[in-house]
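Notes for the one structure printed next.
By convention here, the first residue in the shown sequence is residue 1. Because the structure is a prediction, the values reported are computed rather than measured. Counting starts at 1 for both ligands and their atoms, following the listed order.
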Amino acid sequence: MWLRVLTVFLLFVAGVCSGLKVTVPSHTVHGIRGQALYLPVHYGFHTPASDIQIIWLFERPHTMPKYLLGSVNKSVVPDLEYQHKFTMMPPNASLLIYPLQFADEGNYIVKVNIQGNGTLSSSQKIQVTVDDPVMKPVVQSHPDSGAVEYVGNITLICQVKGGTRLVYQWRKNGKPVCINSSHSFSPQNNTLWIVPVTKEDIGNYSCLVSNPVSEMESDVIMPTIYYGPYGLQVNSDKGQKLGEVFTVDLGEAILFDCSADSYPPNTYSWIQRSDNTTYVIKHGPRLEVMSEKVAQKTADYVCCAYNNMTGRRDEARFTVVITSVGKCVKEQTFIKHKGLIALVSQMPVKKTT
Ligand SMILES: *[C@@H]1O[C@H](CO)[C@@H](O)[C@H](O)[C@H]1NC(C)=O
Ligand SMILES: *[C@@H]1O[C@H](CO)[C@@H](O)[C@H](O)[C@H]1NC(C)=O
Ligand SMILES: *[C@@H]1O[C@H](CO)[C@@H](O)[C@H](O)[C@H]1NC(C)=O
Ligand SMILES: *[C@@H]1O[C@H](CO)[C@@H](O)[C@H](O)[C@H]1NC(C)=O
Ligand SMILES: *[C@@H]1O[C@H](CO)[C@@H](O)[C@H](O)[C@H]1NC(C)=O
Ligand SMILES: *[C@@H]1O[C@H](CO)[C@@H](O)[C@H](O)[C@H]1NC(C)=O
Ligand SMILES: *[C@@H]1O[C@H](CO)[C@@H](O)[C@H](O)[C@H]1NC(C)=O
Ligand SMILES: *[C@@H]1O[C@H](CO)[C@@H](O)[C@H](O)[C@H]1NC(C)=O
Ligand SMILES: *[C@@H]1O[C@H](CO)[C@@H](O)[C@H](O)[C@H]1NC(C)=O
C-alpha cells in the first residue's frame, strides 16, 4: 500500500521534473463524418534525447485501448489494420484521421517517450465525437387553418432531415420560448404545444437546431390566431373622443368611426334605436350623421363589431343630443356660439359573446 503511494508520488515528481511536457489545445474535439480530423499535440523537453517515441492508442468505453500507430524518431510503425486512416509526421506528434467515421468516436491517447539520460514519459487524452451536420429545419403549424384564441390549440413541429445529436430550441421573435402554463415541449423539444392559444402568442416562431458541429435555424412561421374584438372605440371625425361635447353647424355632417382590434377584421354594423325599436342603418366601420336629419333632440346609436371567426361581438352605445335646432341657416350662423351642440356620450360597453 505505502509502496504504491510512494511509486505514484515518484512518478508524479518525475513527470513534473523531467522537463517533458505534452499538451493538447483541447481535450474534446468534435469532428464531422467523412471529413478529416486533426488532433494537434505539442511536446517539449530539456534533456538530450537519443530516441523520441510517439504512440497513439484508441479506446472506447469499456474496451481495452488498442494500438493505432507509433514512431521512433522519424519512422512510423502503423498498425496495418488502420494504416490508411491515421497519419502522423514525426517528430510532430499530431494525428490526422481521415476519413472520419462514427466508429472513430472515442478517446485517443497519445504517449511520448524520450530516451536519453533515463526515460521520460508523458501522455494526454483527447475525446473525439463524430457527427453529421444539421440540415435546415422546417416548421409545420397544426392546424394549418389557424386557431381561435382560448378555444383552439396550436402545435408547432420542427422537422430536420439530417444531422445527429440534435438539440432543439424554439424561438419567438428571436427569443427562446419558455415553458409555462400554456406552453410545453415534447421530450425531445422538437414539438411546441400551445394550449390554449391566445392573442399574445402571435409572433414569428422559428426552430433552432444544433449539434456539436453545426447549427441551423428554420424560416420563421407565423401561426394564424383568431382573436377579438378588443378595445372597441367610437371616434368622431373631429378627432375628439366620445364623452366630449362638440358643436356642429347645421348641415354639417358628423362622421363616426368605429374600430376594434381583431383578427380577421371585424364586420361593423350601426344600429339606431328610437322608441322601442332598433334597426340597422349601416354596415361598415364609418357612420355619417347629418345633423339636420336628426329628427329628435336625442338619438341613440350602437356600433356593433363582430368577428366571424371567433364568433364574438362587442358593442358601443352612444347618444347624440342636439340642444338647439334651427332650420334657418342665417339664424344658425348667428347662434353659432351657443350653437348646435351635439352632446355625445358613450355609455358603458356591454359585452356579449
Ligand atoms: C534517433 O535519433 C537519435 C539522434 O538523432 C539517434 O541517436 C538515434 O539512434 C535514433 N534512433 C533510432 C532508433 O533511429
Ligand atoms: C504539426 O504538423 C501540422 C501540420 O501537419 C502543423 O500545423 C503543426 O504546426 C505541426 N506541429 C508542430 C509542433 O510542429
Ligand atoms: C544524467 O543523470 C544523472 C543522474 O540523474 C546526472 O548526474 C547526469 O549529470 C546526467 N547526465 C546528463 C548528460 O544530463
Ligand atoms: C385543446 O387542447 C385541450 C387540452 O388538450 C383539449 O381539451 C381541447 O379539446 C383542444 N381544443 C381543440 C380545438 O383541439
Ligand atoms: C408563456 O410564454 C410565452 C413566451 O415564452 C408568452 O408569450 C406567453 O404569454 C406565456 N404564457 C403564459 C400563460 O404565461
Ligand atoms: C428542452 O428545453 C428545455 C428548456 O428550454 C431544456 O431545459 C431541456 O434541457 C431541453 N431538453 C432537451 C432534451 O433538449
Ligand atoms: C414578423 O415578421 C414579419 C415579416 O418578417 C414582420 O413584418 C413582423 O414585424 C414580425 N413580427 C414580430 C412580432 O417581430
Ligand atoms: C316601449 O316598451 C315599454 C315596455 O316594453 C312600453 O311600456 C312602452 O309603452 C313602449 N313604448 C313605445 C313608444 O312603444
Ligand atoms: C369573415 O370576415 C372576413 C373579413 O371581415 C371576410 O373576408 C370573410 O369572408 C368572412 N368569413 C365568413 C365565413 O363569413
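The two residues G106 and F58 make their nearest non-hydrogen contact at CA-CE1, 3.7 Å.
Given atom 1 (C) of ligand 6, the protein heavy atom at minimum distance is N189 ND2, 1.5 Å. Closest protein heavy atom to atom 3 (C) of ligand 1: S50 O, 2.7 Å. The protein non-hydrogen atom at the shortest distance from atom 11 (N) of ligand 7 is N204 ND2, 2.9 Å.
Heavy-atom proximity to N73, at under 4.0 Å, picks out these atoms of ligand 1: 1 (C), 2 (O), 3 (C), 8 (C), 10 (C), 11 (N), 12 (C), 14 (O). Close contacts of ligand 7 with N173, meaning ligand atoms under 4.0 Å from a residue heavy atom, involve 12 (C), 13 (C), 14 (O). Near V72, with a cut-off below 4.0 Å to any heavy atom, the atoms of ligand 1 are 13 (C). Close approach of ligand 1 to D51 is summarised as follows: ligand atoms under 4.0 Å from at least one heavy atom of the residue are 1 (C), 8 (C), 10 (C), 11 (N), 12 (C), 13 (C).
For the pair R165 and E105, the salt-bridge criterion is met [side-chain N within less than 4.0 Å of a carboxylate O]. A salt bridge between K66 and D79 is absent, with no side-chain N of the basic residue lying under 4.0 Å from a carboxylate O of the acidic one. Ion pairing between E315 and R317 holds under the 4.0 Å rule for side-chain N and carboxylate O. Ion pairing between E149 and R312 holds under the 4.0 Å rule for side-chain N and carboxylate O.
In this structure, F256 has its ring center under 6.0 Å from that of F318.
For atom 9 (O) of ligand 7, no protein non-hydrogen atom is found at a distance below 4.0 Å. Within 4.0 Å of atom 5 (O) of ligand 1, not a single protein heavy atom is present.
Looking at ligand 6, you won't find any N or O of Y168 less than 3.5 Å from one of its N or O atoms.
Residues meeting the ring-ring contact (aromatic ring centres under 6.0 Å, His included) test with Y168, sequence neighbours left out: none.
Between F45 and Y43, the two ring planes are parallel [angle under 30°; tilted spans 30° to 60°].
Proximity annotation for atom 13 (C) of ligand 6: of S186, P176, P187, P187 comes nearest, heavy atoms only.
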